[in-house]
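Take a look at the structure below.
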There are 2 protein chains.
Amino acid sequence: MTKPQSHGRETFEPVERAPEAQAEGFAIVRQAHESEMAEDYVELIAELIETRGEARPVDIAERFGVKPPTVTKNISRLRTAGLVRRERYRAVFLTEEGQALAEACRRRHRIVVAFLLSLGIDEETAERDAEGIEHHVSDETLEAFERKLDRT
Amino acid sequence: MTKPQSHGRETFEPVERAPEAQAEGFAIVRQAHESEMAEDYVELIAELIETRGEARPVDIAERFGVKPPTVTKNISRLRTAGLVRRERYRAVFLTEEGQALAEACRRRHRIVVAFLLSLGIDEETAERDAEGIEHHVSDETLEAFERKLDRT
DNA sequence: TAGATAATTTAGCCAAGGCTAACTTTTGTA
DNA sequence: TACAAAAGTTAGCCTTGGCTAAATTATCTA
């Protein structure tokens with residue numbers, strides 16, 4: 001089934017890593033998961049405000065494929081985190097902090113998508129994979145993506 | 001702060017996507033999160049068995065940076081899922097299915113790491129980013145990574 | 001402008017995956 | 001071989017992020 005391959009480490013024994021280093025890596029991944037919700041929301045909210053002037057819970061729910069009560073709950077978490085400002089039963093807006101985060105996330109998202117496209121991946125797949133990948137791309141890796149793009 | 005860039009879409013308006021397509025993308029990401037635990041565990045268990053003959057909960061806990069009770073709980077979930085076989089108070093082993101999954105995950109992991117290294121990213125960072133990224137790489141994207149590696 | 005419809009929230013449920021404290025079993029050694 | 005230390009489990013707690021059903025508020029339209 002798995003045809004013999006031959007790039008780099010493929011044939012080496014697994015890289016030996018100190019348990020603590022490995023544990024730290026998993027801690028980073030767990031942490032990334034915790035900020036994913038916030039990042040996805042501010043990103044989408046910024047997009048909705050830009051394209052239609054406001055971000056309504058009903059639209060957020062539709063885009064995420066989630067029910068309205070879930071959005072209400074998450075929005076209130078974002079409010080607690082200081083990323084979002086709003087009045088009950090009204091549309092959602094971003095605080096300064098929320099805007100800054102959204103800006104950074106959208107930039108990263110664009111870079112990841114562009115990078116995947118540059119590998120010859122189709123748009124649909126690039127967009128979907130980027131959604132999951134972007135939250136786990138370190139600054140170093142993002143820079144590497146940019147470098148590759150610039151010399152295309 | 002953000003210097004003007006110029007790769008691909010960077011300067012375009014956000015890609016307009018149908019809400020359903022976007023929702024499906026997020027559903028896929030959520031699904032990936034649900035299988036992450038299983039994938040990380042079988043991957044590590046396979047590694048431990050290979051390097052020291054058995055996978056003990058205490059070692060699994062250390063590598064993940066997690067407490068033993070968490071490992072017990074998750075192992076029992078894997079058992080329910082048919083990925084793992086074991087007796088109480090004993091080391092953990094993989095079922096056929098578990099081994100197959102571990103094999104696929106390790107292969108994917110190696111490819112992602114090798115690909116990041118090929119971009120000039122340092123080992124430590126490549127290893128850490130791969131940990132998060134690997135679970136969100138589609139078959140198409142994995143193939144694209146392989147193609148790039150093969151022509152290096 | 002009143003009443004129907006649409007949007008939002010509240011309350012309460014669930015599973016996942018963390019944790020600590022306390023208990024049991026296994027292992028290693030005096 | 002008995003007992004101390006190490007490993008594993010159990011019980012019970014917490015937060016996150018889903019859900020449904022039902023209540024409330026806003027909006028649209030006849």
Side-chain angles (χ1 to χ4, degrees), chain A residues 19 22-45 48 52-81 83-93 131-132 135, chain B residues 19 22-45 48 52-81 83-93 131-132 135:
Chain A
Q22 206 170 351
E24 198 209 333
F26 285 110
I28 289 172
V29 175
R30 283 194 298 271
Q31 205 175 324
H33 283 165
E34 289 183 18
S35 31
E36 271 193 47
M37 188 273 285
E39 295 184 355
D40 287 338
Y41 270 70
V42 298
E43 208 173 326
L44 178 57
I45 290 166
L48 287 171
R52 42 185 71 180
E54 59 174 13
R56 298 185 312 161
V58 69
D59 294 319
I60 297 174
E62 186 189 28
R63 299 304 188 99
F64 282 140
V66 130
K67 302 297 179 188
T70 301
V71 172
T72 297
K73 194 180 285 189
N74 286 335
I75 291 294
S76 94
R77 283 172 183 151
L78 296 184
R79 208 181 44 74
T80 302
L83 295 169
V84 132
R85 173 172 41 79
R86 82 147 173 165
E87 295 158 52
R88 262 148 141 264
Y89 295 98
R90 292 265 112 93
V92 188
F93 294 93
E131 203 60 70
H135 304 287
Chain B
Q22 207 169 349
E24 198 209 333
F26 284 110
I28 288 174
V29 175
R30 282 194 298 272
Q31 205 174 322
H33 283 164
E34 288 182 20
S35 31
E36 272 194 45
M37 188 273 285
E39 295 184 354
D40 287 338
Y41 271 69
V42 297
E43 209 173 326
L44 177 57
I45 289 167
L48 286 171
R52 41 184 76 179
E54 59 175 13
R56 299 184 311 161
V58 68
D59 293 319
I60 297 174
E62 185 189 28
R63 300 305 189 97
F64 282 141
V66 129
K67 302 296 178 188
T70 300
V71 172
T72 297
K73 193 179 287 189
N74 286 335
I75 291 294
S76 95
R77 283 172 184 149
L78 296 185
R79 209 180 43 75
T80 302
L83 296 169
V84 133
R85 174 171 42 80
R86 85 151 175 156
E87 295 157 52
R88 263 149 140 261
Y89 296 100
R90 292 266 114 92
V92 188
F93 295 93
E131 203 59 69
H135 304 287

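We name chains A, B, ... by the order of the sequence lines, and we start the count at 1 in each one.
- Exactly one of B:Thr72, B:Leu78, B:Thr70 qualifies for a side-chain contact (heavy atoms from CB on, under 4.5 Å) with B:Asn74. That residue is B:Thr70.
- Across all strands, A:Pro68 comes closer than 4.0 Å to base atoms (heavy-atom distances).
- With the nearest nucleotide of DNA chain D identified for both A:Ser35 and A:Pro69, A:Ser35 has the one nearer the 5' end.
- For D:dG18, its base never sits under 3.5 Å from the side chain of B:Arg30 at any donor and acceptor pair.
- Atoms CD1 (A:Ile60) and C1' (C:dA7) sit 13 Å apart, rounded to a whole Å.
- A donor-acceptor contact under 3.5 Å is formed by the side chain of B:Lys73 with the base of C:dG18.
- For the pair B:Glu36 CD and C:dA16 C1', the interatomic distance rounds to 13 Å; values are reported in whole Å.
- Counting to the nearest Å, the C1' atom of D:dG8 and the CG atom of B:Asp59 are 13 Å from each other.
- Counting only heavy atoms from C-beta on, A:Lys67 has its side chain closest to D:dT20 among D:dT25, C:dT26, D:dT20.
- Side-chain proximity of A:Val66 to C:dT8, D:dC19, C:dC19: nearest is D:dC19.
- Relative to the side chain of B:Thr72, the nucleotides D:dA26, C:dT10, D:dT10 differ in distance, and D:dT10 lies closest.
- Here the P atom of nucleotide C:dA15 and the CD atom of B:Gln31 are 18 Å apart, to the nearest Å.
- Within 6.0 Å of atom CZ in B:Arg30, more than 12 heavy atoms from other residues, nucleotides or ligands are found, so the atom counts as buried in its surroundings.
- Protein atom CG of B:Asp40 is 13 Å distant from nucleotide atom C1' of C:dG17, rounded to whole Å.
- Considering B:Leu83, B:Ile75, B:Asp40, B:Asp59 as possible partners of B:Ile45, the one that fulfils the side-chain contact (heavy atoms from CB on, under 4.5 Å) test is B:Ile75.
- For a distance-only test at 3.5 Å, the side chain of B:Arg56 fails to qualify as a donor-acceptor partner of the base of D:dG8.
- Considering OH of B:Tyr41 and CZ of B:Arg77, their distance stands at 9.0 Å, rounded to 0.5 Å.
- Of the candidates D:dT27, D:dA7, C:dT9, the closest approach to any side-chain atom of A:Pro57 belongs to C:dT9.
- From B:Arg88, atom CZ reaches atom OG of B:Ser76 across 11.0 Å, with rounding to the nearest 0.5 Å.
- At the phosphate of D:dC19, OP1 or OP2 sits under 4.0 Å from a side-chain N or O atom of A:Thr70.
- The side chain of A:Arg88 lies closest to C:dT9 when the candidates are D:dG8, D:dG18, C:dT9.
- A:Glu87 has its CD atom 20 Å from the P atom of C:dA7, to the nearest Å.
- As judged by a 4.0 angstrom heavy-atom cut-off over every strand, A:Arg77 is placed among the base-contacting residues.
- Atom C1' of nucleotide D:dC19 and atom CG of A:Asn74 are separated by 13 Å, given to the nearest angstrom.
- An OP1 or OP2 oxygen of C:dT9 is reached within less than 4.0 angstrom by no side-chain nitrogen or oxygen of A:Arg90.
- Contact annotation for B:Val71: no contact, since no heavy-atom pair falls under 4.0 Å across all strands.
- Within 6.0 Å of CZ on B:Arg79 lie no more than 12 heavy atoms contributed by other residues, nucleotides or ligands.
- Going from atom NE2 of B:His33 over to atom C1' of D:dT15 covers 17 Å, rounded to whole Å.
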